[in-house]
Amino acid sequence: MKLRKKLLALGLAASILGVSTGYAQDTYTEPSLSKTVTVGDNLSLPTTNLTFTFSLEGAEVEATELVDGTVKKGPADLLTLSSNTLTYSNNAFTDGSNGKISFNVNKGNTETGIYKYTLKESVAEADQLEGMTYDPAVYTIYLYINADGTSNIYAYRNNDQTKVTDIAFDNKYVEESDTNTDGSLHKVSVNKVVAGNLGDKNKDFEFTINLSVDVDGTFTITDEQGTNLGTITTTNKAGSTTINLKDGQTFVIHGLSSSDTYTVTETDYSADGYVTDYARGTESSETAFAAKAMGTADDSITVTNTNNATVPTGVVENIAPFVIILALAGAAGVVIVKRRSYEG
């Protein structure tokens, strides 16, 4: 690896100084810087504007890059970005660049050589949207000031030795799953079970959902298959809605970040003879669980309504003698009928 870096640097230095190396040169393409935001299924970004900030700074030079002093730490005013920020709102960039940033080379009287920089996304923690996964990539940028006054820019991602022409930063607003392990959002599933010999499995049971969130937005509710059942739009960081479920049905609340809290409460059906049980993991309660922060994992709640008929034991005891008398009377009637039939 070190030898390869030395050879690369020697070749570049020779090229800059106008010396033929005997190797074919690649067709030069200046890299472009692009910003994308990936939003997962059943999710909506908050309505607030999001600002993405980028940092381009001169980088310290490693010993393997010091070939005849041609690689130097890049000065701040030599290579700059056309903009250090991009604004994203309502699923689009609002600055007219469509998520693109270009490089500016301010050569002035800069001497011939190779100048090294690092480029990364640099959003202050206080300005980061909870639930958004920010691209951690760090690009190494080499600026070549050539003897004929021209310049070239080469980029490498995360110390990889392969040049890239697309300097891409992709932020993800997705739920964590087997296919999106870098997701930071989670969901709550609510399952309905009706039990007991008088439990009506075709009955609609009403649930009230209350959300308290870090950033106002719209939160989608679906069934298990992903069919939209409704939304909750929060105002002043709070919102609620109602959803009906029958036995065997499930609704899913999507897009909750770690500090967002939720409560799920079923309407009281005790007057109809139902006893209600809430279960979440190892927890069980006859009343709705208190508001819970989403945390870093999905949640699942099962609400069971049981309605069993009970036959009063006193009724059986009171009618038993009459049942016996009727049975004996019936038996006597059969004997008399048979005897008369015989005598006839």
Side-chain angles (χ1 to χ4, degrees), residues 1 4-5 8-9 11-12 15-16 25-39 45 49-62 64-65 70-89 91-107 110 113-125 127-129 132-146 150-174 180-184:
M1 185 70 72
R4 182 180 179 184
K5 283 188 175 180
L8 174 63
L12 294 172
S15 175
I16 289 169
Q25 301 297 311
D26 294 336
T27 301
Y28 173 70
T29 301
E30 181 170 311
S32 61
L33 191 161
S34 63
K35 176 69 190 171
T36 57
V37 178
T38 299
V39 180
L45 280 172
N49 291 341
L50 300 175
T51 300
F52 302 105
T53 305
F54 304 92
S55 170
L56 177 65
E57 299 178 343
E60 297 297 333
V61 179
E62 299 177 17
T64 54
E65 297 172 297
T70 57
V71 182
K72 303 174 184 178
K73 179 179 179 179
D77 58 349
L78 175 57
L79 182 65
T80 60
L81 298 174
S82 59
S83 175
N84 291 320
T85 61
L86 287 172
T87 301
Y88 191 82
S89 179
N91 300 320
F93 289 97
T94 60
D95 55 5
S97 66
N98 196 28
K100 301 287 186 180
I101 292 178
S102 59
F103 290 98
N104 295 324
V105 180
N106 310 301
K107 292 190 290 292
T110 302
I114 307 172
Y115 297 88
K116 181 181 179 182
Y117 295 84
T118 56
L119 173 64
K120 62 183 178 180
E121 189 172 1
S122 180
V123 181
E125 186 173 350
D127 297 328
Q128 293 184 6
L129 172 65
M132 177 77 76
T133 301
Y134 290 81
D135 195 327
V138 177
Y139 288 86
T140 299
I141 309 293
Y142 291 101
L143 169 64
Y144 304 79
I145 303 298
N146 304 315
T150 61
S151 61
N152 302 107
I153 299 171
Y154 292 93
Y156 301 82
R157 180 183 172 98
N158 294 336
N159 294 320
D160 193 318
Q161 297 304 301
T162 303
K163 287 183 295 185
V164 297
T165 56
D166 182 16
I167 301 174
F169 293 93
D170 182 22
N171 288 8
K172 299 181 185 298
Y173 195 73
V174 300
N180 283 313
T181 56
D182 54 354
S184 298

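Position 1 is the first residue of the sequence, and the numbers go up from there.
At least one donor-acceptor pair under 3.5 Å links the side chain of Asn106 to the backbone N or O of Asp77. Within the 3.5 Å criterion, the main-chain N or O of Ser122 finds no donor-acceptor partner in the side chain of Ser55. In terms of modelled atom types and a separation under 3.5 Å, the side chain of Glu121 and the main chain of Ala137 share no donor-acceptor contact. In terms of modelled atom types and a separation under 3.5 Å, the side chain of Asp135 and the main chain of Asp170 share a donor-acceptor contact.
Atom CG of Leu79 and atom CG of Leu81 lie 7.0 Å apart (nearest 0.5 Å). Note: Tyr142 OH to Ile153 CD1 = 14.5 Å, rounded to the nearest 0.5 Å. With rounding to the nearest 0.5 angstrom, the CG atom of Asp127 is 11.5 Å from the CZ atom of Phe52. Considering CG of Leu50 and OG of Ser89, their distance stands at 7.5 Å, rounded to 0.5 Å. To the nearest 0.5 Å, the span separating NZ on Lys163 from OG1 on Thr140 amounts to 14.5 Å. Note that CD of Glu30 is 8.5 Å distant from CG of Asn152, once rounded to the nearest 0.5 Å.
Just one of Ile145, Thr150, Asn146 meets the side-chain contact (heavy atoms from CB on, under 4.5 Å) condition when paired with Lys107; it is Ile145.
Under the ring pair (Phe, Tyr, Trp, His ring centres under 6.0 Å) criterion, Tyr134 pairs with no residue at all, not counting sequence neighbours. Residues passing the ring pair (Phe, Tyr, Trp, His ring centres under 6.0 Å) test with Phe169 are Phe54, Tyr139, sequence neighbours excluded. For Glu60, the salt bridge (charged side-chain N to carboxylate O under 4.0 Å, His left out) criterion is met by Lys73, not counting sequence neighbours.
Closest approach of Val164 and Tyr156 over heavy atoms only: CG2-N, 4.3 Å. The minimum heavy-atom distance between Met132 and Leu45, with the atom names listed, is CE-CD2, 3.9 Å. Counting all heavy atoms, side chain and backbone alike, Ile101 lies closest to Ser83 at CD1-O, 3.3 Å.
No side-chain heavy atom of Val174 sits less than 4.5 Å from a side-chain heavy atom of Thr133. Using a 4.5 Å heavy-atom cutoff, the side chains of Tyr173 and Leu129 are in contact. Residues Ser82 and Asn104 have side chains in contact (heavy-atom distance under 4.5 Å, counting atoms from C-beta outward). Here the side chains of Val71 and Glu62 are not in contact, with every heavy-atom distance at 4.5 Å or above.
Dense packing is recorded around CG of Asn158, with more than 12 heavy atoms of other residues, nucleotides or ligands lying under 6.0 Å away.
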